[in-house]
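Below, all heavy atoms of this structure are taken into account, side chains as well, without hydrogens, waters or symmetry copies.
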Amino acid sequence: MRSYSNYETALMDNMKNRNCPKDVVLYNFLLYSSLSELQAMSSMASLLRRRVQVRIFTVQKKAFSSSSGEGSNRKRIEKILIANRGEIACRIIRTAKRLGIRTVAIFSDADRESLHVKSADEAIRIGPPPARLSYLNAPSIIEAARRTGAQAIHPGYGFLSESAAFAQLCEDEALTFIGPPASAIRDMGDKSASKRIMGAAGVPLVPGYHGNEQDIDLMKSEAEKIGYPILIKPTHGGGGKGMRIVQSPSEFVEAFLGAQREAAASFGINTILLEKYITEPRHIEVQIFGDKFGNVLHLNERDCSVQRRHQKIIEEAPAPNVANDFRTHLGQAAVSAAKAVGYYNAGTVEFIVDTISGQFYFMEMNTRLQVEHPVTEMIVGQDLVEWQICVANGEPLPMNQSQVPLLGHAFEARIYAENVSKGFLPATGILHHYRPVPVSSTVRVETGVEQGDTVSMHYDPMIAKLVVWGENRAAALVKMKDCLSKFQILSDGSFIGYLWDMINLVAGLPTNINFLQKLAKHWAFENGEVETHFIEHFKDDLFVDPSNLLLANEAYDAAKLSAVLVAACLCEKECCTLKESPPGGKSSLSIWYAYPPFRVHHSARRTMELDWDNEYDGSSSKLLALSITFQPDGNYLIETGEENSPGREVKVTHLGNSDFRVQVDGVSSDVSLAVYSKDQTKHFHIWHGSHHHTFRLRIGLQLSTDDESAHKPSFEVASHPPGTVVAPMAGLVVKVLVKDGAKVEEGQPILVLEAMKMEHVVKAPSSGYVHGLQIAAGQQVSDSSFLFRVQVMNQNKREQNYPFCSDQSCRGKSQFGVVDESSSQSPKA
């Protein structure tokens, strides 16, 4: 195979070999060349930019207008209303602006200042924060399109994107729905109906029940016919919402009813289907595209096997370790599925691949653009949003199947606000510091937030999608690892976690970036040995093991180095600030504020105590006491006071804002330091190399005077009587399962909360009697508010729900009770 030096060379050469029109080759080259790269290509940058703008328009017109048809006789779309929010709304706006199409954003009250609202040409309010009153409110969205004069509606993904009724409503109101026909959404959006259609078309199906009858006794009987374990899933929607894995008949009723509730809350339809649960599957999907002339092609496949809570977190294209014959058959099956329902526009046919037998089975078809569509764009060099718009305009597809390229490899990593160690529970908070990696033709960051925004409890907690391309899988993986190490997010926040993590809480909004790095570095992932239980199978490698003393010592040494760098950078920044704005003004600069500070007969010294949350000891934080001596040459000698731990001399150069260049132990490297204050405490986040650490410091005690003894900061957690259970999140009570005063067993479900469209079951932390349970279904509860208390039956028995449990047997039991994300099969740390 030929080796390419960069993305553009690979794209142009591949498309030339496939006889693609030269204009299409140039178009794709320009599409993925950043402005800075175009400027660097010639000293005539300004002239080139002017020519690029004209050329893109000419290329686009030729690429999609080479055939006569509907598009040549109808008015083209000039204004699009985007019936969505966040990163997908921003993604659509970007392409529309490049095509000269005006955009209208819609927003709820929670999104009034969001990035997609600021990015669009116009924006219009559609309702309060709950999705059912805003982004799922079809009449309000249609009225917004009418008021703003939009000719078309792009639904994005999620919300109304797979609503046949909404697509039909658009058609009835003479609005172009940028998506498939309502009939195809109806056929394929109903997973039971789609499986019947696919079965008739000869596509392999997983054994299961896809009927309309939903009587619980019948469903339980069908489950027994299929054989346990089974998979319960809603017939509509996606994203893992409402899915349950049921291992035995005793679990069926609770799982079935929970799936129905979650499906109704997320998609407005509560019908359920049953399938045999394949124990070692891969999730491989095929991107298909059709036009209104009956042409359908596929754009290769994606592997989406690495998942948590049944939701994808890393996707890649093409799928690793797949033979060409298998790829061909998979693509043909996907095209056949689309043709069976008269499909046009973007769609994805999802397959379950049994890794034991090698057989693939039709799972479902998503009648919309997928979250992970950028990885396909990267390996075929096409803008799929543009394809969607042009097909909606009545244009034919710009190429045939033989011209579809497959070049290089791409990854997408989804960056979420969530607490990984506690079952990937979602988090909320303000983004005080948000610095994604720089973008280029081979690195994309798809995001809907910016610094200062809030990750809301009302919607999905995804912050961004990191997309990278390489000439092969290994090269792309190296790039993804590097980009993840440089992705910076800092926020205060709250999350759905347990009591001992409240100490971690104040350090900032938890994200899954560290976990993504561990995934990317795992040997099995590097070899492409992926399947949907990857995280569970390798949990010992991916999650912190407190008993691993070697890793614990390595983590402590890394934290000490980071603390040293924090202290040096803070001192350097303070010195720079004093030089620029000395007390009393520059004319009265005191020698005491010189650089380095002047002292008689000795060097100036300071002490600093940084509190570090040690993930290998979740019951407490570690205090790192540092002594900083200002050296005559401007360097800093920093000592920890520990035996056999010599001081480190650090040279620091402040590059501006939060960036520094440091030299320590003979190694020079870049450091980024972000700081914010909350509750009389300063919080520091430091990034250097592949490391990211967080520390805390009491305001007023961070820089003590010379030889002054420092005061140890105290971090307290609200006290509650033993057995108290508080809300693990702000959310809606959807069901209360017991009455106040009832006798319960340890682990028994007490109530069900809903947040971010996911259900979370709160269970009893110990056996006893419930007291103080006064909440009811339909009631909103705030984070950490009192829910109930369990009084143990045997007072001689060791209490298992005190705030600070020291041994591992207490994990999962606390003031937050035992919280179970009922829609997940979350791995245990």
Among E746, K743, E745, the one residue meeting side chain to side chain donor-acceptor pair (under 3.5 Å) with S767: E745
Among E262, E251, E254, exactly one meets salt bridge (Lys or Arg N to Asp or Glu O under 4.0 Å) together with R244. Which residue is that? E262
Test item: R85 and F159 side chains (from C-beta on) under 4.5 Å apart, heavy atoms: yes
Donor-acceptor contact below 3.5 Å, side chain Q791 vs main chain G723: no
Residue pair L519, F534: steps toward the side-chain contact (heavy atoms from CB on, under 4.5 Å) verdict: CA-CA 9 Å; L519 281 173; F534 186 93; 3.7 Å; yes
Whether the side chain of T532 engages the backbone of S305 through a donor-acceptor N/O pair (distance < 3.5 Å, no angle test) should be reported. no
Nearest heavy-atom pair of S690 and S485: which atoms, and what distance? CA-CB, 4.0 Å
Could you measure the distance from the CG atom of L697 to the CE atom of M608? Nearest 0.5 Å is fine. 6.5 Å
Measuring only between side-chain heavy atoms, which start at C-beta, is I245 closer than 4.5 Å to L231? yes
One should read off an interatomic distance between L274 CG and E224 CD, to the nearest 0.5 angstrom, of 11.0 Å
Taking the side chain as every heavy atom from C-beta outward, state whether L753 and L732 have any atom pair closer than 4.5 Å. no
Option among K518, K521, H692, Q517 that satisfies the side-chain contact (heavy atoms from CB on, under 4.5 Å) test with L484: Q517
Would R261 and E754 pass as an ion pair if we require N to O under 4.0 Å? no
Donor-acceptor pair, distance only, cut-off 3.5 Å: does the side chain of S134 make one with the backbone of P130? yes
Starting from the C-alpha separation in whole Å, work towards a yes-or-no answer on side chain to side chain donor-acceptor pair (under 3.5 Å) for H685 and Q488. CA-CA 9 Å; H685 282 236; Q488 299 178 15; over 6 Å; no
Roughly how far apart are T271 OG1 and H236 NE2, rounded to 0.5 Å? 5.5 Å
Compare all side-chain heavy atoms of L516 with those of F487 and state whether any distance is below 4.5 angstrom. no
Are the side chains of R309 and E418 in contact, using a 4.5 Å heavy-atom criterion? yes
Taking the six-membered ring for Trp and the single ring otherwise, decide whether the centroids of Y277 and H533 are under 6.0 Å apart. yes
Is it true that Y434 and D453 share a donor-acceptor pair across their side chains at a distance under 3.5 Å? no
Just by distance, do the side chain of Y676 and the backbone of L431 share a donor-acceptor pair under 3.5 Å? no
Which pair of non-hydrogen atoms, one from V790 and one from P765, has the smallest distance, and what is that distance? CG2-CD, 4.0 Å
E87 vs T447, side chain to side chain donor-acceptor pair (under 3.5 Å): CA-CA, chis, key distance, verdict: CA-CA 4 Å; E87 64 88 10; T447 188; over 6 Å; no
From the options W612, F695, F684, W687, select the one residue that forms a side-chain contact (heavy atoms from CB on, under 4.5 Å) with S562. F695
With rounding to the nearest 0.5 angstrom, report the NE2 to NE2 distance, H433 to H683. 15.5 Å
Would you indicate whether the side-chain heavy atoms of Q748 and V738 approach each other to under 4.5 Å? yes
Shortest non-hydrogen contact from A223 to F252? CB-CE1, 3.8 Å
Side-chain heavy atoms of I313 within contact of I535, under 4.5 Å: yes
With ring centroids as reference points, do Y416 and F424 lie under 6.0 angstrom apart? no
Test H760 against L425 for side-chain contact (heavy atoms from CB on, under 4.5 Å), laying out the working first. CA-CA 9 Å; H760 308 269; L425 295 173; 3.8 Å; yes
Find out whether the Lys NZ or Arg CZ of R308 is both under 6.0 angstrom from the six-membered ring centre of F515 and within 45° of the ring's axis. no
Treating D613 as the side-chain partner and R696 as the backbone partner, does any N or O pair qualify as donor plus acceptor under 3.5 Å? no
Nearest heavy-atom pair of V455 and A427: which atoms, and what distance? CG1-O, 3.6 Å
Looking at Y135 and S108, would you say the former's side chain and the latter's main chain have a donor-acceptor pair under 3.5 Å? yes
Quick check: do L273 and K233 have side-chain heavy atoms less than 4.5 Å from each other? yes
Donor-acceptor check, side chain of D111 to backbone of S114, threshold 3.5 angstrom: yes or no? no
Taking all heavy atoms of V726 and all of F786, pick out the closest pair and write down the distance. CG1-CA, 4.2 Å
N/O donor-acceptor pair under 3.5 Å between K465 side chain and V371 backbone: yes
Distance (rounded to the nearest 0.5 Å) between Q260 CD and I269 CD1: 12.5 Å
Here the salt bridge (charged side-chain N to carboxylate O under 4.0 Å, His left out) pairs for residues 544-563, sequence neighbours left out, are D557-K560, K560-E642
Could you state the interatomic distance from NZ (K276) to OH (Y228), rounded to the nearest 0.5 Å? 10.5 Å
Go through L624 and K622 one step at a time and tell me if the side-chain contact (heavy atoms from CB on, under 4.5 Å) criterion holds. CA-CA 6 Å; L624 300 175; K622 177 73 174 179; 4.0 Å; yes
Minimum-distance pair of heavy atoms, taken over all atoms of L626 and A563: CD1-O, 3.5 Å
Does L773 offer a backbone N or O that forms a donor-acceptor pair with the side chain of D740 under 3.5 Å? yes
How far apart are the C-alpha atoms of L737 and V752, what are their side-chain angles, what is the distance that settles it, and do they pass the side-chain contact (heavy atoms from CB on, under 4.5 Å) test? CA-CA 8 Å; L737 304 172; V752 181; 4.3 Å; yes
